[in-house]
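To find a chain, count down the sequence lines: A is the first, B the second, and so on, and within it residues start at 1.
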Amino acid sequence: MKLLTHNLLSSHVPGLRPGGGFPLRIEVREGKCEGRDPPETPPVPAPPSPLRGRGRLVEIPLLPFSLPPEPLPDYEANEEFLRRLHHVLLEVEVLEGSLQCPDSGRRFPISRGVPNMLLTEEEA
Amino acid sequence: MEAETSEDHLKVQKMKKKVLRKQVRAQHTLMRHEGIKCIPHATQSLVIANAGLGNGMSRLQLLKILEEYGAMETLLMPPNKPYSFVKYRTTEDAKKAFNALNGKEVTLEDCGQNIVLYINFVEKVSLQNAVPTSLPPGLMVIEKIISPEEERKMLESIDWKGDEDTQNAQKTLKHRRVKHFGYEFRYDNNNVDKDKPLPGGLPEICSPFLEKCLKQGYIKHKPDQLTVNQYEPGQGIPPHTDTHSAFEDEIISLSLGAEIVMDFKHPDGHTVAIMLPRCSLLVMTGESRYLWTHGITPRKYDVIQASEELGHKVRAITADVGDLTLNRRETRTSFTFRKVRRSPCNCIYPSVCDSQKGQQRPVQPSFPQNEMEASKLEQEYVHKVYEEIATHFSSTRHSPWPQITEFLRSLPAGSIVADIGCGNGKYLGINENLYMVGCDRSKNLVDICGEKHFQAFVCDALSVPIRSGSCDACISIAVIHHFSTAERRLATIRELARLLRPGGTALIYVWAMEQEYKNQKSKYLKEKNGSKNKDKEMNTGTAQRPFSDQEPDNSNQDSAWSDQLLKGLKDESCGAKPVADFRLPVHTNRTSFHSQDLLVPWHLKSGAKKKEESVDTVLVPSGSKESQELNPVFHRYYHVFCEGELEAVCRSLDCVKVQKSYYDQGNWCVILEKL
């Protein structure tokens, strides 16, 4: 799971407060990091769509990278920021671990890079 | 004197009239019920009403009656019918028989009842020839397994009178006498108390016989339970399969005292009647033990083959009407030996296995009547099936569909796109300038995406864990037709729309009821041979196959339920709810659809990797044990969409507008835009 995917995901446990369930807490047992931080190559593809909504970046233990907690005001013109953002969002992957709903505490396992977000019949 | 004569004359006249009346009535009955046409002029052939196996006439007696009038070519006695056909060598002889026998009263030798024969001429004697019947798989009858001397000793060893009230389980059931040894067979639960063996075990007299069976390889394990049944003429045993959890595979039964006909029946209705000669051993294993029922019809006569090939009586009774007769039953005693089962049965016939109850899936589910049933149906007939067939399914899904590729290529670089129901991820890598994430209900399919290094996760299309408004585009390809109610189909589209940002677009494909549109057959109908197509695809790399449903082979799955369904399901399209409770029909692959809601078979290729547990062995009619094990058939639920139906569902949502709506190779498709 790349961190951009994580950025799209939200907990969907029924009964959350409106807008709840985001961002999911990441627990990493095994991860992968391609390229370097800061990356030397220009971001490919072009910078992903702006971080929509609440673009808060999440603390991720074990994976070393440096980013400001909020997108800079003029980030779209800031190449240095975009490179770093690209690296974090597209070159860092969680292989084993879990995602945890910040509101309900429900954990969703990640195994071989694949999050299992399926709710049980009782939950759904 | 004269008065008396005229009275006699009157009487004769009256009798003649009565015979004529009855003869004519017999004509009508034969025509109406059997389609047998009687004719007014004389021929070589006669139909003789009231002289049939069905009303107690034996072949031997009828032969004796008929041969008085000349030489016969054939005598046909259809089973269970109250008439027979005879063909004489000459029309003269037939006329003689007609004149002598029409209206004649005959006493049936076997039961002493009087009957009157009514005779008519027919054009010719013709009934379809019998199909040779084969024994149920796993069944054997070994003749003369014991000598008459051993038979006598074994019969004498059973004391029917002495121990009425001892603990030795003996009961006079309604239809027969039984006695149990080793363990008592309980008729209340059709099982044995496995921790309560009867004292004394099996009678010592059986030992040499059992040793022989073991030595000859008829059985592999020494039985520890014996049930002795005694059937008087007219008695029987209802059709049953011995409880799977009670006994091991091999069940053997010795016929003593007399022969009898036992009826075997497959769940598909196919029946085979088998003659069990005196002193023979019936061995039931595998399919015949687990799947077929066996029983003895309570009656005093069995219909059996008249001729005996060198004294061979062991065979399935065919419907060869030229060779059937009645056989009077005598007292028959059977010794049935079984081995009590110590672990749950794990046979390959879960539909009839009490050990596997609960795990088993009904052969055919009903149309869901509520939300819970709908969810259950999808669980069993969509989710579980895709988990099971994932690897094989994925191996048949590699060519992306051109118009979907076009949609994905037309999106601006950097777009975030979700593929809801991504399967093996064949669209996730179409356009590398997109950021695509896929999700699917099947973990096994998502794992395949993961192996290909695509972004994918497991979830249900009704509840997608993606933030609202975060996607520039979504695709839902061949997914929504797996939801079993109109509400649920609408809900998946609503969920899809939720993911889109305003101005974002969604492409939806569902399988169409109309597999022929504007005089064009879809590829699904045209590709009659899936494997050929696969080769072509691999050779050229360009051939397209509809993703909706490609079957790897073109097998003829029974679709007997279609008609029934058509009645129950007239217009479920466009939100109208079906009322009738009906079983979902099973679709015949690569044919037109006859119903909107149906089960589509997936024939799992042998060798394809699948999970070992819970193999759904939906019964393949007449399938042998091997074919079921190697090629299990899975059924997936589909709701195929009618023209306009998908569009109508989309239009019912306020948050989207339909940009485009089209038909593509047997699929209905829309492009939605989020408002």
Side-chain angles (χ1 to χ4, degrees), chain A residues 1-16 18-24 32 34 43-56 76 82 86 89-90 93-96 98-99 101 104 106 108-124, chain B residues 371-372 375-376 378-379 383 387 411-418 422 425 428 431-474 495 498-502 504:
Chain A
M1 183 197 69
K2 290 180 180 173
L3 294 189
L4 182 51
T5 299
H6 167 258
N7 194 263
L8 295 170
L9 290 175
S10 162
S11 172
H12 55 328
V13 176
L16 293 180
F22 181 87
L24 290 159
K32 190 167 89 173
E34 283 169 7
V44 177
S49 305
L51 305 172
R52 292 188 192 91
R54 299 142 301 163
R56 226 184 125 71
E76 279 175 87
L82 289 179
H86 175 88
L89 292 178
L90 296 167
E93 283 188 64
V94 182
L95 297 177
E96 300 290 329
S98 69
L99 297 171
C101 172
S104 68
R106 165 72 151 95
F108 301 96
I110 301 172
S111 150
R112 286 183 295 165
V114 171
N116 188 341
M117 306 298 290
L118 205 55
L119 299 171
T120 64
E121 228 171 300
E122 295 79 60
E123 287 173 313
Chain B
E371 188 68 15
M372 215 176 79
S375 158
K376 260 216 157 88
E378 292 161 20
Q379 183 85 22
H383 308 156
E387 281 306 65
L411 296 169
S415 293
I416 288 181
V417 183
C422 64
L428 297 179
N431 180 350
E432 58 179 19
N433 290 323
L434 305 177
Y435 189 79
M436 281 195 79
V437 294
C439 61
D440 202 281
R441 186 64 175 67
S442 162
K443 184 175 185 304
N444 289 344
L445 284 172
V446 173
D447 283 343
I448 292 170
C449 298
E451 284 160 20
K452 297 179 184 169
H453 301 290
F454 291 135
Q455 292 298 296
F457 50 89
V458 187
C459 74
D460 195 297
L462 285 170
S463 174
V464 180
I466 293 181
R467 285 192 284 146
S468 303
S470 60
C471 297
D472 299 297
C474 293
E495 181 72 350
R498 181 186 68 79
L499 310 180
L500 292 175
R501 65 167 166 84

Could you grab the distance from atom [atom1] of [X] to atom [atom2] of [Y], nearest 0.5 Å is fine?
| X | Y | atom1 | atom2 | answer |
| --- | --- | --- | --- | --- |
| A:L4 | B:I416 | CG | CD1 | 5.0 Å |
| B:S470 | A:N7 | OG | CG | 8.5 Å |
| B:E495 | A:H12 | CD | NE2 | 8.5 Å |
| A:E93 | B:Q455 | CD | CD | 5.5 Å |
| A:L99 | B:F457 | CG | CZ | 10.0 Å |

Next on the checklist: So for A:L119, is it side chain, backbone, both, or neither that comes closer than 4.5 Å to the heavy atoms of chain B?
Outcome noted: side chain
Item to check | Contact origin within A:S11 toward chain B - heavy atom pairs under 4.5 Å | outcome: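 Neither part; nothing is under 4.5 Å.
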Checklist entry - Stepwise, does the side chain to side chain contact (heavy atoms under 4.5 Å, CB included) test hold for B:V458 with A:F108? => result CA-CA 10 Å; B:V458 187; A:F108 301 96; over 6 Å; no
Checklist entry - Which atom pair, heavy atoms only, marks the closest approach of B:D447 to A:R112? => result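 Result for this residue pair: OD2-NH2, 3.7 Å.
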Checklist entry - Looking only at heavy atoms, which two atoms of A:P115 and B:A456 are closest? And how far apart? => result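 Shortest heavy-atom separation between A:P115 and B:A456 comes out as CD-O, 3.4 Å.
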Item to check | Part of B:V437 lying under 4.5 Å from any heavy atom of chain A | outcome: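 Side chain only.
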